[in-house]
Amino acid sequence: MTHHRWNGLLSRGWLNRLVGSGAGAALALTLGLAALTPAVLRAQTGTVQGRITEIGAGPIAGAQVTVVGTNLGTTTGEDGRFTLLVPAGQRTVRVLAIGYKVGQVQVTVTPGGSTTANAELTRSVLSLDEVVVTGTGGSATKRELGSSISSINIAAEVKDPPSNVDQMLQGRTAGLAVLQTGAAAGAGAQIRLRGVVSVNQSNQPLIYIDGIRVRSEGYARNAPTAASDFQGRGNNIQMSPLNDINPADIDRIEIIKGAAASTLYGTEASAGVIQIFTRKGQRGLRPRWNVEADGGWSVARPFGPEYNQFVNLKPRDSVYVDPATNELVTFEKRTATDGQCHQNDDLSDAFPVPNARCSWLRNGFRQKYAASVAGGFDQFQYFVSGLREDLDGILPQDNEKRLSTRGNFGIDLSEKVRVDINTGYTNYRVRNTPSGNNAQGLILNVYRAERNYIQSNDAARLDSILNQQITTEIDRLVTGGTVYYTPVSWFTNRFTLGYDLAAQENRTLRPFGFQAQPLGRLHDEQTKFTTFTADYAGNLDYRLSGSLSGTFSLGGQTISEERIRTYAFGRDFAGPGEPTVGSAASFLADETRVRTINAGFFFQNVFKLSDKYFLTGGARVDGNSAFGEALGLQVYPKVALSYVISDEGFWPQSFGEMKLRAAMGYAGRAPGAFDKLRTWTPVATGGVPSFLPSNVGDTLIGPEKTREIEIGADAGFFSNRLAAEVTYYQRQTQDALMDVRQVPSLGFLNDQTANVGKIESKGLEVTLNGVLVDAQTFGFELGGSVYTNSSRVLDLGGAPPFEAQGGWVQGPDTLADGRVIYYPVAGAFGINIKNKDQVATPDTACAQGEPGYTIDAAGTRHETGDIQRCDISGRTIFGPQQPTLILGLNSSLRLPGGITLSARGEYQGGGYVYDGASGNALSRSVRWPTCARAHGIVDNYVAGGMTTSQAVGTASSPGPAQLAMTAWERHACIAANHNFDLHSYKADMFKLRDLTLTVPVGSLIPRTESATLRVSVQNWLRWYHDDLRIFDPETGSNTSLDTQGRSITEHVPPPATITMSLRLAF
Amino acid sequence: MTNHQSRNYLGWAALLGVAALGCDFSVTNPGPVEDRFLDELTARRAIVTGAQRALANSIQANQGDILYYVAAITFELNPAGSTGSFGISTQVQDGRLLEDIQSYTWNDASEARWVAEDAVRRLTKIASPEDSLLAVANLWAGYANRLMGENFCNAVIDGGPEEARTVYFTRAEGYFTEANRVAGLAGKANVASAALAGRASARAYLATYNSNNTATWASAAADAAAVTSNTFRWVLPFSDQAQDQYNGLFHAQAGQPYKAHTQWATYYDLYNRTTAADTRITWLMRLQSASTTVATAAAPGATSITVADAGALGTGARAEAWLVVDATGTKEVHQIASVSGNTFTLRTPMSSVHAAGQTVRLAELGDAAVGKFGGNVPHFPQQKYASRTAPVAFSSGWEMRLLQAEEALVRGQVAEAVGYMNQRRANLSLADIPVGTPAEAWTALKAERALELWLEARRLGDLSRWDAAPSPGTTFDGVWRDTDGDGTWEQLESMTTPNQRSLCFPVGRGEKQTNCHYLGTCS
């Protein structure tokens, strides 16, 4: 039987893929190294064992136990116990657990002997002794840091990781904005740390996994390219590499929000750094298994007006306008249960569509199975995990299948040398429904109903759209190793080699017989993205006098990235069947290869006085293959101060703990590989080679430099039951890389990336976490965060204003009265109808610098307290696209029996989103839900004998129907008046990101260490600003994750998910 | 001790290793070609083909291309749906060519002009004086300048100040002259003819803008007369290789998935229904395959028609659909107002007798509703360009005959002018134009140019120059619609009624926002 089972396993494609991809080789290497580990490395050792408990309470699981001055360490089990084999001598055992004060125990270890080191920890929500490694030369306690580094301990804080990392980060920490981009399977999120850092370059933070730099830019969208004659007609989503990681594999995440702390990462680190540390094995621990089974559904939530809540994707109610009042009336409630498909309005009822699809949405079933085992011996520790996930989306073809494995191994080659080898492999297969701004997509054509591209709302014809096959497959291997060498306790070395391979295949097939292209089309795009990391850091601890000590760090890093992309496109197949590109009557191919190298070295020194005054200074020196000839190496300095004021004698003990800090640092972003050269694009023209202008070139181009200053304080009050963290930051990007428009009559039309101008971003971050009630069987914890961000263009260096990333970039204007008006970085712009709801002529003029105002339906004017900002075309600059205020709220209620109920909510406000789906539809005279009243008014006049033209009239000579409309309806709902600039809307929203009930059921399941049953609901409860008439600000568009732009195209908003999970540990 | 020291060195060695790896920033990234490589002799063919490609992009690029938008603004075709991709913006439908929306048009045309002129500059340096590629480069530079002169209100050359549009024609004249000279040396007769034809048209524009200057007209006529072959054509080719090389005007109507424009209700629609078939103006009346028959004979003026089986037409037989009744010799196209059983009430009355048994079908519709027409409209696609590779003519022998006719009219020689026009009509087996008054001859000439140069991006140039130097006669344009709801069609819109439509593309906003002469920042 066993034999058969293995055969079955081996026959599976995923295992072959695993071996073929190189992951198998890496795993073999790992296991081989493990086998070489000496059985006993050191004879002169003794055993230290102990139990970590909370004062007056039970054991603490997951506490980190380390031996100071060595690489030795482990974590406690569920019973709070640990065992370590430690070299003989006087030793300090240090214990750190999230939510507790640090503990230290002095022990004397004798050769072959056994020593006990029990520790009782005090609860503390402020963890100044928590150790972080991100942003520093080596590891450091938080008390030393002059900058704010957020760390998320998954076991302690997340408890129930959602299915992807994007969701896990939402609302977790101040300064972090996670903006989902839709409901489609695989859709990733924009992640922004402290707002916009670059106009031209990516705003996604860098990502490191176990010290290895990995891909952070979004994957290539599965959308055929321009030459393929069905450009953009794919899924039009972008997947995030962050979501290749199995959240259950993560031990903790450290987040650097800006240049003040990311200096040592140099060029490309200005948008921040996210470091992910995966779980490790434990010394002296028998194998501990964790097994998890999840099941649940994703469910669409309404995103349209009450009478058409799913914008034609589900049965809608019939509406008309009462001619007497011009009010919209819903007269027939539709359901899909009456045996007839009623997707059309009353006109189509004469032609019901039998047996047709009545709803294009479904409750997508989700299942996940995961297992991991962790354990170890004294010299060898391991963590191995596996995940199988199968998630149906709410759209008919949407599905994600993920297979993920990880093997993390730690080997103590000696007391002074330790090797960690970490390998993760993921195979991710996504099937999508054609969506987005895709003329042959399901969503676009269902949204536009009878005025779509097949001129029909016929369900059977719409169903035929689903003959397309859109699949994306990603093989991701991240492997690497770190050698820790500690020749003496005051000198540590870390050397890391890493390799990240992301191989992606995008395939889009319109088969033979497809309605709009009967002979078929096939597009296949393969991208290989590799990142090679070599990284060294050395730390030297020294003492200058009794109370003055320090740490000097020195290191270097080289990152080599290569992107190889090939695509093939074929059209016109001989007949039905599964085609290849080569089987098409004609085909095209293209290739792109881009390699960039970034390398540099850093040094840093930390002076520590009396363990309460800390001064850090350092610099990074960087080179990059994309820099211009004249620029050479770039220097990014940093300086930071930390002062633990509560350690002063004058500080009343009752005030609690407090640290004051300040930091300043530089980081950058490098330009693109070709930006410095004047180039032409070689293209085939009817089979003959030709050149077209490409890039004007700028030989002086260099990286943009971001300087960030932050000041703040960390404090713990009420015996550290309430922790507060406050940070003010101000960030300036100088020599900002921007898209400088070229003079068209000079022949080169492409914008040139150039160092011009200066942008600024500033704001406040406040985090509060408190244990309000902490009784034996009952507890209540409440936390929250406030994050503000304001960005503006300080200078455009004489370059003309331009559109970038969906927004408008303009330098300051000086008014006649001397006032200077600044503009947000890539601000949302458009026609501002001040009297939107008033039945009147639209008031749209933008008066630069005049007070802003609105006019309500009754005609009363209200000042907004803001001033009007106008672009050079007279459009209004509304504000930034990214949110300016994010509020996070989380709470946890602990009930008798160990039952807990936790909730996490997030409010995002101040940003604007462009609703392109409405713009596209209304410009094409589609009967759109937000214009139902306007359409009804016209219908009434036509029914009365007028032609549509007579009823509507023109903008300058409005007809009676137009005169009965509101100012917004006149502009938006009459195609002849329509302007695409109408559709920028406030994107304020609140979502209950997560509501989870956890019930311990260990006593019901024998032979388990623990077992929990969890029920979790995500994104069910939502609120949006009325200004956004339909959709959800996170609906997403065809744009990239890497931009700052926010827009909506023909997608579906993120669904709610309901998940039940059973987790066993034994 | 030594051993211990060597371990200490390990870290430093590793650091040096990393530093050594990091010192080499040299990478080779294939793809784009550096500008200096274009100065090599072997690059000259690709440079000249690039000039041709840029010109093709200029008239056929996806957004705001000149060929398509000239057709739309001058009613050579009507919108049938999409206003974005492959469609006609609502502003252009409304007759407005705006500097922001048409910025693409300006940019692409400017690029085409600059690339062609750059090709001439480079080839003049690297090629031999009799290189035929140099002649072709000059030819494309001439056509690129003529295209801009015909269609843009003003000229801007290489980031300079705004000038009169005639600057383009003057430059075109120069490049055509040089093309003709080099082609003569190279023995390329067809290039030489194209250069003469191009120069003739450029001179015609210069003559007209100079108040029908007879001397310049004479030189234009002389060039035209030198192109003796009526069958001569110089075309800009398109390719099936990739979408961005397709004939975009065709692709926008090809139903993949766009059916963005139609001939329905244009002046050419009326012309073709009332005139014996003129093969210069061809389109398809696309009808759905499902059919039924007339059940009860309908008389002229009837506003409803009863068919044998409305259900046979499928679910599309509903209000706003278009019914086509197949009368003998004439198909009537009517929009359905409402459906009741087998009876369709129509929005416009029948104009002729329809006997029982005649076929009734539904028209295929455009790809989306058209606001100005109040809904979906029939998709009757043009057939002048019937494939993705269909080329666009830039000059032809028949155009030369019309230039000679116009020059004769300027001189007041009506009979001579009509003679030139009738050469073409005889070739098409169409009835002769009678010799009448000068105004009638001018009207005929304007119609003949509209028909001969239909959908060749020339119409706007003609209307514009005739507007600048008024001549007798009426123009041939407009869209036909029911203006007052009485069920009959009146001409609702023309180039001048109810509003004056744009007669040229403005200089693009992109130029105005970047050129220091517009910004006042030139040092």
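Computed from heavy atoms alone, side chains included, the values below leave out hydrogens, waters and symmetry copies. Residue numbers begin at 1 in each chain, while the letters A, B, ... track the order of the sequences.
- The environment of CZ in B:R45 is sparse: at most 12 heavy-atom neighbours from other residues, nucleotides or ligands sit within 6.0 Å.
- If you tally non-hydrogen atom pairs under 4.5 Å between each of A:I974, A:V483, A:T679, A:N979 and chain B, the highest count goes to A:T679.
- Neither the backbone nor the side chain of A:R563 comes within less than 4.5 Å of any heavy atom of chain B.
- Heavy-atom neighbours of B:R96 CZ from other residues, nucleotides or ligands within 6.0 Å: above the threshold of 12.
- Residue contact with chain A, scored on non-hydrogen atoms closer than 4.5 Å, involves the backbone and the side chain of B:V33 alike.
- Using a 4.5 Å heavy-atom threshold, the side chains of B:T90 and A:H978 count as separate.
- Taking chain B as the reference chain and counting heavy-atom pairs below 4.5 Å, the highest number among A:S694, A:G538, A:P693 is found for A:P693.
- A distance of 6.5 Å separates CZ of B:R347 from OG1 of A:T948, quoted to the nearest 0.5 Å.
- Taking 4.5 Å as the limit, some side-chain heavy atom of A:R924 sits within range of a side-chain heavy atom of B:S82.
- Put simply, the side chain of B:Y258 reaches to within 4.5 Å of the side chain of A:Y453, judged on heavy atoms.
- Proximity to chain A (any heavy atom under 4.5 Å) is shown, for B:E364, by neither the backbone nor the side chain.
- Looking at B:E34 and A:R678, their side chains never come closer than 4.5 Å, going by heavy atoms from C-beta outward.
- In this structure, the separation between CZ on A:R451 and CG on B:L365 is 11.0 Å, given to the nearest 0.5 Å.
- Within 6.0 Å of the CZ atom in A:F603, the count of heavy atoms belonging to other residues, nucleotides or ligands does not exceed 12.
- In this structure, no portion of B:K512 lies under 4.5 Å from any heavy atom of chain A.
- Within the 4.5 angstrom heavy-atom criterion, no atom of B:A109 approaches chain A.
- Looking at A:S923, the atoms closer than 4.5 Å to chain B (heavy atoms on both sides) sit in the backbone and in the side chain alike.
- Aromatic rings of A:F748 and B:W114 (six-membered ring for Trp) have centroids within the 6.0 Å cut-off, being under it.
- For a residue to count as touching a neighbouring chain, one of its non-hydrogen atoms must lie under 4.5 Å from one of that chain's; by this rule A:A684 touches chain B with backbone and side chain alike.
- Both the backbone and the side chain of A:F691 come within contact range of chain B, each with at least one heavy atom under 4.5 Å from a heavy atom of that chain.
- No side-chain heavy atom of B:Q241 sits less than 4.5 Å from a side-chain heavy atom of A:S586.
- The contact between A:L746 and chain B is made by backbone and side chain atoms together, counting heavy-atom distances below 4.5 Å.
- Only the side chain of A:R233 comes within less than 4.5 Å of a heavy atom in chain B; its backbone stays farther off.
- Contact annotation for B:D158: both backbone and side-chain heavy atoms come within less than 4.5 Å of a heavy atom of chain A.
- Residue B:F373 does not touch chain A at all, counting heavy-atom pairs closer than 4.5 Å.
- Two residues are said to be in side-chain contact when any heavy atoms from C-beta on lie closer than 4.5 Å; B:R509 and A:S873 meet this criterion.
- For the options B:S239, B:G50, B:S338, B:G510, heavy-atom pairs under 4.5 Å to chain A are most numerous at B:G50.
- Chosen from A:P744, A:G798, A:A975, A:A799, the residue pairing most often with chain B at heavy-atom distances under 4.5 Å is A:P744.
- Contacts with chain A were tallied for B:G366, B:A112, B:S103; B:G366 has the most, counting heavy-atom pairs under 4.5 Å.
- Summarising the geometry, atom CG belonging to A:L692 is positioned 10.0 Å from atom OG1 belonging to B:T49; distances are rounded to the nearest 0.5 Å.
- Remark: B:D240 engages A:R571, B:R388 in a salt bridge (Lys or Arg N to Asp or Glu O under 4.0 Å) (not counting sequence neighbours).
- Considering only residues two or more places apart in sequence or on other chains, B:E111 meets the salt bridge (Lys or Arg N to Asp or Glu O under 4.0 Å) condition with none of them.
- Residue with the most contacts toward chain B among A:A951, A:P682, A:G697, A:A537: A:P682 (heavy-atom pairs, distance under 4.5 Å).
- Your options are A:S560, A:P518, A:G687, A:P689, and the one with the most heavy-atom pairs under 4.5 Å with chain B is A:P689.
- Residue contact with chain A, scored on non-hydrogen atoms closer than 4.5 Å, involves the side chain of B:Q91 exclusively.
- Side chain of B:Q245 to main chain of A:G686: a donor-acceptor pair is present (N/O by atom type, distance under 3.5 Å, no hydrogens or angles).
- Side chains of A:L677 and B:P32 form no contact here, defined as non-hydrogen atoms less than 4.5 Å apart.
- For A:Q742, the part lying under 4.5 angstrom from a heavy atom of chain B is the backbone only.
- Counting heavy-atom pairs closer than 4.5 Å to chain A, the top residue among B:D244, B:V48, B:V507, B:N515 is B:N515.
- Per-residue counts of heavy-atom pairs under 4.5 Å with chain A were compared for B:T389, B:T521, B:D367, B:D118; the largest is that of B:D367.
- When only modelled atom types and interatomic distance are considered, B:E511 and A:S745 share a side-chain donor-acceptor pair under 3.5 Å.
- Atom CD1 of A:I872 sits about 3.0 Å away from atom CD of B:Q513, to the nearest 0.5 Å.
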